[in-house]
There are 2 protein chains.
Amino acid sequence: MPRPAKAPDRTPLSRDRVLRSAIAIADAGGIGALTIRSLAEELGVKPMSVYHHVAGKAEILDNIVDLVFAEIDLPSPGGDWTIEIRRRAHSARKVLRRHPWAIGLMESRTSPGPATLKHHDANIGTLRAAGFSVAMTAHAYALIDSYVYGFALQEAALPFEGPDTVAEVAAPMMQLFTTGQYPHLVELTTEHVLQPGYDFGDEFEFGLTLILDGLARSLPS
Amino acid sequence: MPRPAKAPDRTPLSRDRVLRSAIAIADAGGIGALTIRSLAEELGVKPMSVYHHVAGKAEILDNIVDLVFAEIDLPSPGGDWTIEIRRRAHSARKVLRRHPWAIGLMESRTSPGPATLKHHDANIGTLRAAGFSVAMTAHAYALIDSYVYGFALQEAALPFEGPDTVAEVAAPMMQLFTTGQYPHLVELTTEHVLQPGYDFGDEFEFGLTLILDGLARSLPS
DNA sequence: GAACGTACCGTACTTAGTACGAAAGTGCTA
DNA sequence: TAGCACTTTCGTACTAAGTACGGTACGTTC
């Protein structure tokens, strides 16, 4: 009777569990679903308990962005630079597809965490080892990262997910376009996007190859 | 005495004024500063008055994103495609630099407005007129837009603004790096970023040229 | 067992979005 | 000009969310 059956519930709270739960909530319902209260509920505790492990919501946001970066495969400066950079580009895209909310956060969080810095260091190191000058490395890295993040941003902004739901979403949208405005958009949609097997994600490889080829050409070799 | 000197204050409220003020607030203080209450104050009215011109905050966000797209110069399908596409890329970057919050919103708002659609239509039309096939146009456009948005995203995430404040921000950051971690990051920062005259925005041209050159090569000519 | 540190929580204050209905202004009709 | 309808603005209040402050429960150490 005195013991109200309050089961030990789960492992004790920890900063790590707080951050991992925060990511899980954002993955499931978008960054808007991540509140201190929803987080506490997910963890099986009351809201104020969270504050004993993190300073506030801003710290949570800064840290989960860094944890996302930590998920991206690092290139190793040893191997063929095109293979290494290509591998990390695909990894980055895959990770950002899993955590699309992270893209929006990048714009507002301006203090990079250790994983983010390590990530940048590995990329820069790989390009330097490939023979690019310091200035060329800066150019190349800005180009590659812009492409990767921008592609992820566009994927996140798409109203459909994967190749399966394209038709459901695009077809009714086409109705609106029969007014004759947007003729080129209609053409591209009907003749390309709505074709069976279309997947926007497949466009990634084309641009990546074009960029890496272009960069390779600028290498002394 | 009965009239409490409530001056007519300003022109009557309108949907247009609401949206323009919303953009002004977001420009000045970030998207976090845009609240219905701050918006009402800026407009000289009480919060609930805003709701007679827009349905809710979500509608405001959708519409200001579209208004940002409306600010970007459209390419015209008539001229030299590289010049047209290049012009609109620079315009897009400039606009997104003025309204960096729009980048973060793009990820969460999945219903494009009329200006956004018109924008896409003009770009696709320009590439088609240049001689690209439908499939190649899709590839090219995904590539170009990814680069432009991704570059803007990185610019927005920088802790400094413009060439003048780089040193102030980067120099103290270097202190942290003397531990020997991040050697390549240190090298690139000291030998490139901290050099006089450095401006991250200058990197934009390099990547854009590389991309357009690569695309031009794939054209039958 | 008294003092203390750690983890958790109850209460309450503040800011924000917005539902509801009333009030104030505007113009049109009889 | 009186009445009425429509538009625009606002007062009040409810809900959700971040978090300050202090309290409690439990373990550790001397």
Side-chain angles (χ1 to χ4, degrees), chain A residues 1-26 28-65 101 104-105 108-109 111, chain B residues 1-26 28-65 101 104-105 108-109 111:
Chain A
M1 183 69 80
R3 223 163 307 144
K6 194 181 216 174
D9 221 63
R10 310 174 187 226
T11 51
L13 218 49
S14 74
R15 181 190 177 79
D16 197 66
R17 277 190 65 225
V18 167
L19 296 176
R20 284 189 195 292
S21 286
I23 290 178
I25 291 172
I31 199 70
L34 174 60
T35 68
I36 297 291
R37 287 162 217 265
S38 68
L39 183 52
E41 186 155 23
E42 171 91 7
L43 291 164
V45 299
K46 293 299 157 68
M48 288 314 291
S49 304
V50 173
Y51 285 88
H52 267 268
H53 299 93
V54 292
K57 193 170 181 181
E59 188 182 299
I60 295 177
L61 297 179
D62 280 337
N63 278 280
I64 59 178
V65 168
W101 44 267
L105 281 187
S108 51
R109 315 270 110 201
S111 31
Chain B
M1 183 69 79
R3 224 164 308 144
K6 193 180 219 177
D9 221 65
R10 309 174 187 225
T11 52
L13 219 49
S14 73
R15 181 189 176 80
D16 197 66
R17 277 191 64 226
V18 167
L19 296 176
R20 283 188 195 293
S21 286
I23 290 178
I25 291 172
I31 200 69
L34 174 59
T35 69
I36 298 292
R37 287 162 217 263
S38 68
L39 183 52
E41 185 156 23
E42 170 91 8
L43 291 163
V45 300
K46 292 299 157 71
M48 289 313 291
S49 303
V50 172
Y51 285 88
H52 266 270
H53 299 93
V54 292
K57 192 169 181 182
E59 187 181 298
I60 296 177
L61 297 179
D62 280 338
N63 277 280
I64 60 177
V65 169
W101 44 267
L105 282 186
S108 51
R109 314 271 111 199
S111 31

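Letters A, B, ... are given to chains in the order of the sequence lines, protein chains preceding strands, and every chain is numbered from 1. Both backbone and side-chain heavy atoms feed into the values below; hydrogens, waters and symmetry mates do not.
- What separates CG of Leu13(A) from C1' of dC9(C) is a distance of 12 Å, to the nearest Å.
- Across the protein-nucleic acid pair, Lys46(A) atom NZ and dA12(C) atom P stand 15 Å apart, rounded to whole Å.
- For Arg109(B) against Ala58(B), the heavy-atom pair with the smallest separation is NH1-O, 3.3 Å.
- Applying the salt bridge (Lys or Arg N to Asp or Glu O under 4.0 Å) rule to pairs touching residues 50-60 of chain B yields Arg15(B)-Glu59(B), sequence neighbours excluded.
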Any protein N or O atoms within reach of nucleotides 15-21 of chain D? Criterion: under 3.5 Å, listing atom names and distances.
from: dA17(D); atom 1: N7; to: Arg37(A); atom 2: NH2; distance (Å): 3.2
from: dG18(D); atom 1: OP1; to: Lys57(A); atom 2: NZ; distance (Å): 2.6
from: dG18(D); atom 1: OP2; to: Ile36(A); atom 2: N; distance (Å): 2.6
from: dG18(D); atom 1: N7; to: Arg37(A); atom 2: NH2; distance (Å): 2.4
from: dG18(D); atom 1: O6; to: Arg37(A); atom 2: NH2; distance (Å): 2.6
from: dT19(D); atom 1: OP2; to: Tyr51(A); atom 2: OH; distance (Å): 2.9
from: dT19(D); atom 1: OP2; to: Lys57(A); atom 2: N; distance (Å): 3.0
from: dT19(D); atom 1: O5'; to: Tyr51(A); atom 2: OH; distance (Å): 3.4
from: dT19(D); atom 1: O4; to: Arg37(A); atom 2: NH2; distance (Å): 3.3

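- Under the 4.5 Å side-chain criterion, counting only non-hydrogen atoms from C-beta, Leu39(B) is in contact with Ile60(B).
- Residue His53(A) has no polar side-chain atom (N or O) positioned under 4.0 Å from OP1 or OP2 of dT6(C).
- At the phosphate of dC10(D), OP1 or OP2 sits under 4.0 Å from a side-chain N or O atom of Ser49(B).
- Rounded to an integer number of Å, the gap from CZ of Arg17(A) to C1' of dC8(C) is 13 Å.
- Taking the side chain as every heavy atom from C-beta outward, Leu61(A) and Ile64(A) approach each other to under 4.5 Å.
- At least one side-chain heavy atom of Leu105(A) sits less than 4.5 Å from a side-chain heavy atom of Ile31(A).
- Summarising the geometry, the separation between CZ on Arg15(A) and P on dC8(C) is reported as 15 Å, rounded to the nearest angstrom.
- Between Trp101(A) and Ile23(A), the closest side-chain pair of non-hydrogen atoms falls below 4.5 Å.
- Atom P of nucleotide dG22(D) and atom NE2 of His52(A) are separated by 13 Å, given to the nearest angstrom.
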